[in-house]
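If you're wondering where the values come from, they're calculated on a predicted model, not measured in any experiment.
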Amino acid sequence: MKKQVKSALMWTVVGVMLAFMYVPILILIIYSFTDAKALGVWGGFSFALYADLFTNSSILGAFKNSLILAFASAALATVLGTSAAVGIYYLRKWKKTTASFIANITMENAEIVTGVTFMMFFLALRLPYGWTTLIIAHTMITVPYVILSVTPKLAQLNPNLYEAGLDLGASPVKSMLCVVVPQLVPGMLSGFVMAFALSLDDFIVSKFVNGSVETIPVYLYNALAKRGADPTLRALSSVLFVAVLAVLIVLNVVTEKRRKAQFTAK
């Protein structure tokens, strides 16, 4: 009986937490299908906000900028993060601990501090704010998440896999690229998607180093500051949420199929 009460209490807590997280998003999505100006007022079912969204050149331009930035920074972060994860994994003792600590600083640090640091760093280098500074900053803040995604996959590998490639005549680079890296693909994909989502969502760092490049979070902030709660933003937020959710679902399905295929092969 106590076990049943404990289980019910646990599921109640989980349900309340999920409700606090997702009910506001669900309400936002529901009211994106009405053209009423105020949230909470139902003016009849309508796709008017979505029609306005996909004909608004400012929003489409910011969305395009966000996608380009997210893809570029996530791709770079995946390459750098995978390389860093492999390097850190093969370090020994205190060197490994120190390298892991340093790699996680940007993830654990307050984002506003990171944003100010990047702003002052680029200013000291006399590097104009814009695409270059945005890509560098977003890559650096997402690399730790790629490292976290790839490291568990490294721990699951046979520790002799790299040496086996060398014994079969492969060069160190070829052994790493052709033997080790293919085993890390699921972790790399997870890291890429996480980096992509974080870049797409970032506002604080972007606001400090974006220059004249307007991303979706920056656009939302500027729109709210100038015009208040534009109803079109409800449709935009809904599209972004559904798009990210779809990517995560596809990634999980692909990863699970790959895991089952590897288990069956064994």
Side-chain angles (χ1 to χ4, degrees), residues 65-125 127 129-157 162 172-173 176-177 180-211 213 215-218 244 247-248 251-252 254-255:
N65 292 340
S66 291
L67 287 179
I68 294 173
L69 175 61
F71 271 114
S73 60
L76 288 172
T78 302
V79 174
L80 295 175
T82 302
S83 302
V86 172
I88 292 172
Y89 181 77
Y90 285 105
L91 289 175
R92 293 291 180 266
K93 298 181 180 179
W94 66 270
K95 293 181 180 179
K96 185 174 184 177
T97 303
T98 303
S100 298
F101 172 76
I102 294 173
N104 291 334
I105 287 178
T106 56
M107 182 175 62
E108 297 171 353
N109 196 20
E111 195 170 2
I112 191 167
V113 175
T114 303
V116 172
T117 302
F118 276 124
M119 181 187 70
M120 297 177 65
F121 176 69
F122 295 136
L123 185 64
L125 293 179
L127 190 62
Y129 299 137
W131 279 109
T132 302
T133 55
L134 275 172
I135 291 174
I136 293 174
H138 278 229
T139 299
M140 291 300 100
I141 64 175
T142 53
V143 161
Y145 296 93
V146 177
I147 295 175
L148 287 179
S149 298
V150 174
T151 300
K153 294 298 178 182
L154 280 166
Q156 295 172 7
L157 296 182
Y162 174 71
V173 174
M176 182 61 66
L177 293 178
V180 177
V181 171
Q183 307 299 319
L184 305 178
V185 170
M188 293 170 65
L189 286 175
S190 299
F192 176 87
V193 172
M194 189 175 296
F196 180 87
L198 289 168
S199 174
L200 199 66
D201 179 63
D202 179 80
F203 164 72
I204 297 177
V205 174
S206 299
K207 185 64 177 176
F208 279 107
V209 301
N210 70 310
V213 180
T215 60
I216 283 295
V218 174
V244 172
V247 171
L248 291 175
L251 175 65
N252 285 325
V254 171
T255 302

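Taking the six-membered ring for Trp and thresholds of 30 and 60 degrees, Phe192 and Phe71 have ring planes inclined between 30 and 60 degrees apart.
Shown are Leu198, Ile141, Thr142, Leu148; of these, the side chain to side chain contact (heavy atoms under 4.5 Å, CB included) with Met107 is made only by Leu148.
Counting heavy-atom neighbours within 6.0 Å of Ile112 CD1, excluding the residue itself, gives a total of 12 or less. The environment of OH in Tyr90 is crowded: more than 12 heavy-atom neighbours from other residues, nucleotides or ligands sit within 6.0 Å. Counting heavy-atom neighbours within 6.0 Å of Lys95 NZ, excluding the residue itself, gives a total of 12 or less.
Using a 3.5 Å distance cut-off with no hydrogens or angles, the side chains of Ser199 and Ser73 do pair a donor with an acceptor.
Of all heavy-atom pairs spanning Leu154 and Tyr89, the tightest one is O-OH, 3.5 Å.
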Apply side chain to side chain contact (heavy atoms under 4.5 Å, CB included) to the pair Val209 and Ile136, showing each step before the final yes or no. CA-CA 10 Å; Val209 301; Ile136 293 174; over 6 Å; no

When you look at Asn210 and Thr215, which way does the side chain to side chain contact (heavy atoms under 4.5 Å, CB included) test go after all the steps? CA-CA 8 Å; Asn210 70 310; Thr215 60; 5.8 Å; no

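Put simply, the side chain of Leu80 does not reach to within 4.5 Å of the side chain of Val146, judged on heavy atoms. Two residues are said to be in side-chain contact when any heavy atoms from C-beta on lie closer than 4.5 Å; Lys207 and Pro217 fail this criterion. The shortest distance between side-chain heavy atoms of Val150 and Met188 falls below 4.5 Å. Using a 4.5 Å heavy-atom threshold, the side chains of Tyr129 and Met119 count as touching.
Note that CZ of Phe208 and CG of Leu134 are 13.0 Å apart. Values are rounded to the nearest 0.5 Å.
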